[in-house]
Amino acid sequence: MSSLDELRTMARTARGSGARVKHKAPDNRAAYLFLAPWLLGLIAFTAGPMVASLYLSFTDYNLLQSPIDNPPDWIGLGNYAEMFSDPDFWNSVRVTLTYVLISVPLQLVLALLLALALDKGLRGLSIYRSIFYLPSLLGGSVAIAILWRQVFGKEGLVNGFLAWFGIDGPGWIGHPDYALSTIIVLHIWTFGSPMVIFLAGLRQIPALYYEAAEVDGAGPVRRFYSITLPLLTPIIFFNLVLQIIFAFQNFTQAYVVSGGTGGPADSTMFYTLFLYRVGFLEYDMGLASAMAWFLVIVIAAFTLINFWLSKYWVFYDD
Amino acid sequence: MTTDIDRPVRTRTPRERVTSFAKHASLVLFSAIMIYPLVWLVISSFKPNADIFRDLSIFTTDLTVENYINGWNDLQHPFSVFLLNSTIISAASIIGNLLSCSLAAYAFARLRFRFRNLLFALMLMTIMLPFQVTLIPQFTIFKELGWLNTFLPLIVPKFLAVDAFFIFLMVQFIRALPREIFEAARIDGAGHLRTFIQVTLPLMIPALATTAIFTFIWTWSDFFGPLIYLRLPETFPVSVALKGFLDVQSSSDFGSMFAMSVVSLLPLFVVFLVGQRYLIKGFATTGLK
């Protein structure tokens with residue numbers, strides 16, 4: 001780490017800003033005082049626990065045992081072996097991946113379409129924006145998940161509407177083929193926060209570009225593909241990375257919609273819900289730690305692949 | 001909405017008028033679909049239990065506040081207990097985040113120090129880290145400290161700036177302030193603490209407001225934290241208390257459940273109305289470089 005700093009100092013000197021000025025009086029002492037709470041939190045609640053959970057993932061650690069009085073037994077890769085050979089584990093992986101891969105793209109497309117529809121100069125923009133944004137603020141709450149159970153229940157709102165058209169809808173929440181899709185719909189319903197980010201991005205595109213394109217005779221479709229879309233790619237990328245990370249961690253909706261069971265027939269047994277059950281209901285904290293690390297690796301992999309792919313489609317103006 | 005179309009700001013061609021009308025019509029329709037479940041929830045909470053599923057429309061005259069009275073006392077404790085718990089946890093979290101994140105943000109945005117870039121990168125990484133990876137040791141720490149069934153596991157980390165997202169938001173904000181203001185303060189002989197308290201904090205009120213509002217909304221809605229740390233009903237916040245309606249659903253008192261759902265959403269809705277400006281700005285600034 002310190003060598004990194006030295007390199008930077010060397011680079012700075014090499015760039016030749018005159019004499020070998022060692023940066024003038026750095027604010028080290030003040031800075032570390034200001035940073036003290038955060039640093040303490042980083043060590044006590046992030047870095048320390050990360051190391052500990054990695055260690056615990058190789059042990060047979062039970063929730064009820066105190067790790068201080070009674071250190072857990074080292075079992076090597078035992079938890080990982082158990083995890084990977086458990087069909088329930090793979091089911092939760094499949095459920096979560098399905099959820100992430102369907103709900104994130106759909107949500108972002110909807111967010112982008114509505115951001116475009118709420119383009120500059122539209123009257124009532126702020127009213128529409130508020131209405132579309134409201135669900136993303138409330139969507140994480142238990143009350144909305146409870147509401148969803150009723151909206152998609154056998155006698156619920158959705159089937160009420162379908163009945164108008166003579167369709168006899170299934171009990172969505174209670175049917176293994178449809179329960180997951182109701183949670184996906186709930187996720188899509190909260191498209192407001194990426195939409196707001198898209199709107200801010202659209203506003204940053206200089207009007208000059210559009211004017212020039214119009215003078216050159218480019219129609220709206222052409223303008224969208226040649227100006228809006230390429231200039232918006234950094235923001236699409238940003239939304240994509242963040243939404244994937246968040247979607248992997250969905251818990252509340254899965255818990256409440258299924259009443260904590262992950263049912264029907266494990267069709268909504270999200271990874272995080274499975275992890276919670278293993279750790280806090282079956283008390284197998286070692287296995288749960290291993291699951292947490294697998295989640296980190298999957299999320300990191302998705303993020304890295306995203307960054308790698310971004311070279312091919314994200315366009316930076318500057 | 002049609003009245004909007006009747007009063008154009010500038011003269012428009014008939015084609016533009018038609019396009020604009022179609023656009024508004026579809027947006028209004030879409031808004032209605034989006035918002036319908038929420039409106040239905042509110043209306044249902046005022047309907048007699050027997051009517052809730054018999055009648056899916058939101059137009060009804062047969063309204064009652066009975067559900068609110070029943071729901072308030074339906075669980076092990078009056079709902080006011082849960083509201084108070086949520087309020088305490090949220091208020092303490094807001095104070096914690098404001099204090100600890102603004103301190104760190106000032107250092108990152110305005111001070112030069114050893115390992116600054118490294119620490120800043122670490123801070124950014126913690127934003128993306130899934131909380132599950134620290135969950136179990138954190139639980140063990142709090143359990144060993146004897147903090148289970150207290151609010152401390154939910155509050156103490158906020159005073160140590162664990163929600164690094166807000167540090168990032170504040171850093172972005174401070175960096176956008178004109179440098180000269182800080183230099184002027186320095187020239188006037190203000191130390192870092194004074195520059196922070198008397199110059200920086202007043203200027204960053206919009207960022208602090210955004211932080212406070214988001215902290216409120218996220219803490220109020222948080223379900224997972226209270227679920228694992230709080231097992232005694234008298235310590236439940238509204239999120240976990242509401243779950244109680246699902247557990248005792250054999251009674252199928254949907255009216256009470258909806259009524260208390262509305263009560264739990266009301267503070268969020270009020271904060272949304274009051275703080276919209278900050279919420280949207282907050283999202284926009286952190287969303288962009």
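Since we're looking at a predicted model, the values are computed, not measured. Naming: A, B, ... by sequence-line order, numbering from 1 per chain.
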A.B. asks: Got a sec, which residues hit side-chain contact (heavy atoms from CB on, under 4.5 Å) with A:N28, two or more places apart in sequence or on another chain?
C.D. replies: A:P26, A:Y32, B:F113, B:R114
A.B. asks: How close do A:A31 and B:L111 get, counting heavy atoms only, and between which atoms?
C.D. replies: CA-CD1, 3.5 Å
A.B. asks: Quick check: do A:L137 and B:F269 have side-chain heavy atoms less than 4.5 Å from each other?
C.D. replies: no
A.B. asks: Side chain, backbone, both or neither: which part of A:F198 has a non-hydrogen atom closer than 4.5 Å to chain B?
C.D. replies: neither
A.B. asks: Side chain, backbone, both or neither: which part of A:R203 has a non-hydrogen atom closer than 4.5 Å to chain B?
C.D. replies: neither
A.B. asks: Could you list the donor-acceptor pairs under 3.5 angstrom formed between side-chain atoms of residues 38-56 of chain A and any protein atom two or more places apart in sequence or on another chain?
C.D. replies:
| residue | atom | partner | partner atom | Å |
| --- | --- | --- | --- | --- |
| A:S53 | OG | A:M50 | O | 3.3 |
| A:S53 | OG | A:W293 | NE1 | 2.7 |
| A:S53 | OG | B:V133 | O | 2.8 |

A.B. asks: Evaluate the criterion ring-ring contact (aromatic ring centres under 6.0 Å, His included) for residue pair B:F131 and A:F251; output intermediate values, then yes/no.
C.D. replies: CA-CA 12 Å; B:F131 73 90; A:F251 177 83; 8.0 Å; no
A.B. asks: Before you tell me yes or no, could you show the steps for A:F132 and B:F30 under ring-ring contact (aromatic ring centres under 6.0 Å, His included), namely the whole-Å CA-CA distance, both residues' side-chain angles and the distance that decides it to 0.1 Å?
C.D. replies: CA-CA 9 Å; A:F132 295 153; B:F30 191 75; 5.6 Å; yes
A.B. asks: For each of A:L63, A:T303, A:L199, tally heavy-atom pairs with chain B at distances under 4.5 Å, and name the one with the top tally.
C.D. replies: A:L63
A.B. asks: Heavy-atom distance under 4.5 Å between the side chains of B:L27 and A:L118, does that happen here?
C.D. replies: yes
A.B. asks: Counting only heavy atoms closer than 4.5 Å, note whether A:L110 contacts chain B via side chain, backbone, both or neither.
C.D. replies: side chain
A.B. asks: So which of B:Q276, B:E144, B:R110, B:M260 has the largest heavy-atom pair count under 4.5 angstrom toward chain A?
C.D. replies: B:E144
A.B. asks: In terms of heavy-atom pairs under 4.5 Å, which option from A:S57, A:A117, A:G259 contacts chain B the most?
C.D. replies: A:A117
A.B. asks: Taking all atoms of both residues into account, what is the closest heavy-atom pair of A:V296 and B:P130, and its distance?
C.D. replies: CG2-CG, 3.7 Å
A.B. asks: What is the ring orientation for A:F280 with B:F139, classed by angle as parallel under 30°, tilted 30 to 60°, or perpendicular over 60°?
C.D. replies: perpendicular
A.B. asks: Do the side-chain N and O atoms of B:Q132 and A:T272 include a donor-acceptor pair separated by under 3.5 angstrom?
C.D. replies: no
A.B. asks: Specify which of B:I127, B:I228, B:L268 makes the most heavy-atom pairs with chain A at under 4.5 Å.
C.D. replies: B:I228
A.B. asks: Is any side-chain heavy atom of A:P37 closer than 4.5 Å to a side-chain heavy atom of B:L103?
C.D. replies: yes
A.B. asks: What part of A:F191 is in contact with chain B, defined as an atom under 4.5 angstrom from a non-hydrogen atom: side chain, backbone, both or neither?
C.D. replies: side chain
A.B. asks: Top residue by heavy-atom pair count (under 4.5 Å) with chain A, among B:K143, B:M34, B:Q138, B:M123?
C.D. replies: B:M34
A.B. asks: Using the ring of each side chain (for Trp, its six-membered ring), is A:F34 parallel, tilted or perpendicular to B:Y106, with breaks at 30° and 60°?
C.D. replies: tilted
A.B. asks: What part of A:L114 gets within 4.5 angstrom of chain B, counting heavy atoms only: side chain, backbone, both, or neither?
C.D. replies: side chain
A.B. asks: Indicate the atoms forming the closest heavy-atom contact of A:I131 with B:S31, along with that distance.
C.D. replies: CG2-CB, 3.8 Å
A.B. asks: Taking every heavy-atom pair that is under 4.5 Å apart, which of B:P157, B:S102, B:S100, B:S26 has the most such pairs with chain A?
C.D. replies: B:P157
A.B. asks: CZ/A:R149 to CZ/B:F245 distance, rounded to the nearest 0.5 angstrom?
C.D. replies: 13.5 Å
A.B. asks: Could you look at A:F248 and say if it's the side chain, the backbone, both or neither that has a heavy atom under 4.5 Å from chain B?
C.D. replies: neither
A.B. asks: Pick from A:V256, A:L147, A:L242: which one has the most heavy-atom pairs with chain B under 4.5 Å?
C.D. replies: A:L147
